[in-house]
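I have placed the structure first, in the form of C-alpha cells, so that the comments after it can refer back to it.
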Amino acid sequence: EAILLKEKIRGLFANVWTVPNILTMVRLALVPVFIAVFFSDLTHNRVIALTIFCLASLTDMLDGYLARKLNQISDFGKLFDPLADKLMVLSALICQGIAGVFPWSAIFIVLGKEILIVVGGAFMLNRGIVVSANYYGKTATVFFMGSLILSFLRDQLPVIGGHPLDLILLWVSVALAMLALCVYAVQAWKKIKG
C-alpha cells in the first residue's frame, strides 16, 4: 500500500514544470502575500491587496486556458488549481470578514460547504470514485471573485435596495455555491449507487 501511495505521489509530481502548473504555484504563493499586505501598515495596503487578488484571479483564468491550449492538463493541475482558487477566495473572504466588510454568516456557510466537499471528496476518492467540479461551482468561484473585487471598491459602487452591490453579488455567490454542493452530492450518490 505504501508503494502504491509513492507511485501516486510520483505520478502527481511528474511533468510538473509546465506553464499552467507554474501559474498555479504562483497563485498558491500569492495567498500568504495577499493576507500579509491586507493587514499591513503599508500606505494603500488595500489597493495593493486588491492588485494581488486581481493578479491571482488572472492566473486562474490563464492557467486553465493554457493547459487546454498547450495540451498540458496534468494530475497536479487537476488537484492544485482548484485548491489554489479555494485558498485565495476563502482567504480574501475571511480578511473582508475581519475588516467588517462581509458578514460572517456568508463566510461560515462557504467554509462549511468547502469542509463538506473536502470530506466528501476524500470519502469518494477512498472508494476510487472521482466526482468532477460542476458548472455551478465554477460559476460560484467567478462570482465570489467578482464580489471580492467589488468589495474593495464599495465606496464607489451604487447601492441597490439599500444593499451594496458587492454584498448582493456575495449572496448570489453563496446561493450558487450551495447549488453546486447539491449537484455534487447528487452526482456522488449516483456514482455510489451505480
Side-chain angles (χ1 to χ4, degrees), residues 23-24 27-28 30-31 34-35 38 49-50 52-65 67-68 73 77-125 129-154 156-192:
L23 286 171
T24 297
R27 193 157 71 262
L28 277 167
L30 285 175
V31 173
F34 170 85
I35 296 166
F38 189 93
L50 172 59
I52 292 166
F53 185 82
C54 288
L55 183 65
S57 301
L58 191 66
T59 66
D60 177 35
M61 289 186 285
L62 201 56
D63 67 7
Y65 169 77
R68 290 184 294 274
I73 294 167
K78 284 178 190 173
L79 179 66
F80 285 97
D81 178 52
L83 178 67
D85 295 346
K86 288 179 195 311
L87 284 175
M88 182 52 89
V89 168
L90 287 172
S91 299
L93 280 172
I94 290 167
C95 287
Q96 290 292 43
I98 293 167
V101 175
F102 279 161
W104 283 103
S105 52
I107 295 164
F108 284 133
I109 291 169
V110 177
L111 280 170
K113 176 251 177 190
E114 292 304 338
I115 290 166
L116 279 171
I117 288 283
V118 168
V119 171
F123 172 77
M124 298 294 284
L125 205 58
I129 302 167
V130 177
V131 179
S132 302
N134 58 59
Y135 169 79
Y136 300 106
K138 290 174 182 174
T139 307
T141 300
V142 172
F143 272 74
F144 276 122
M145 287 177 172
S147 66
L148 281 159
I149 290 166
L150 292 178
S151 70
F152 284 91
L153 311 166
R154 182 177 278 186
Q156 287 84 47
L157 295 175
V159 175
I160 301 165
H163 303 287
L165 185 59
D166 60 309
L167 199 56
I168 293 168
L169 206 54
L170 173 70
W171 283 109
V172 170
S173 310
V174 170
L176 282 167
M178 296 315 291
L179 182 58
L181 178 64
C182 293
V183 170
Y184 181 90
V186 168
Q187 287 175 336
W189 182 253
K190 281 180 182 173
K191 289 201 175 187
I192 290 168

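The residues of the chain are indexed from 1 along the displayed sequence. Everything numeric here is computed off the predicted structure, so don't read it as measured data.
Here the closest non-hydrogen pair linking Y184 and G120 is OH-C, 4.1 Å. Residues W104 and I98 approach most closely at CZ2-N, 3.4 Å, considering heavy atoms. In plain terms, the two heavy atoms of A140 and L176 that are nearest each other are CB-CB, 3.7 Å. Looking at every heavy atom in both residues, M145 comes nearest to S57 through SD-OG, 3.7 Å. Annotation for G146 and L169: closest pair C-CD2, 3.7 Å, computed over non-hydrogen atoms.
Taking OG of S105 as the reference point, atom CH2 of W171 lies at 3.5 Å (rounded to 0.5 Å). Here CD1 of I94 is found 7.0 Å from CD1 of I107. Values are rounded to the nearest 0.5 Å. M88 contributes atom CE, which lies 7.5 Å from atom CD1 of I52 (distance to the nearest 0.5 angstrom). Going from atom CG of L148 over to atom CG of D166 covers 9.0 Å, rounded to the nearest 0.5 Å. Here L50 contributes atom CG and F34 contributes atom CZ; the two are 8.0 Å apart, rounded to the nearest 0.5 Å. I109 contributes atom CD1, which lies 11.5 Å from atom CG of L93 (distance to the nearest 0.5 angstrom).
Inter-residue side-chain proximity for F144 and V174 is flagged as met; some heavy-atom pair is nearer than 4.5 Å. Counting heavy atoms from C-beta on, the side chains of V142 and K138 never come closer than 4.5 Å. With contacts defined as side-chain heavy-atom distances shorter than 4.5 Å, the pair L167/P103 qualifies. For the pair D63 and R27, the minimum side-chain heavy-atom distance is below 4.5 Å. For the pair T59/T24, no side-chain contact is recorded, criterion being any heavy-atom separation below 4.5 Å from C-beta on. S91 is listed as a side-chain neighbour of I35, based on a closest heavy-atom distance under 4.5 Å.
Applying the 6.0 Å contact sphere to CZ of F152 captures more than 12 heavy atoms from other residues, nucleotides or ligands.
Panel note: side chain R154, backbone V101; a donor-acceptor pair is recorded below 3.5 Å.
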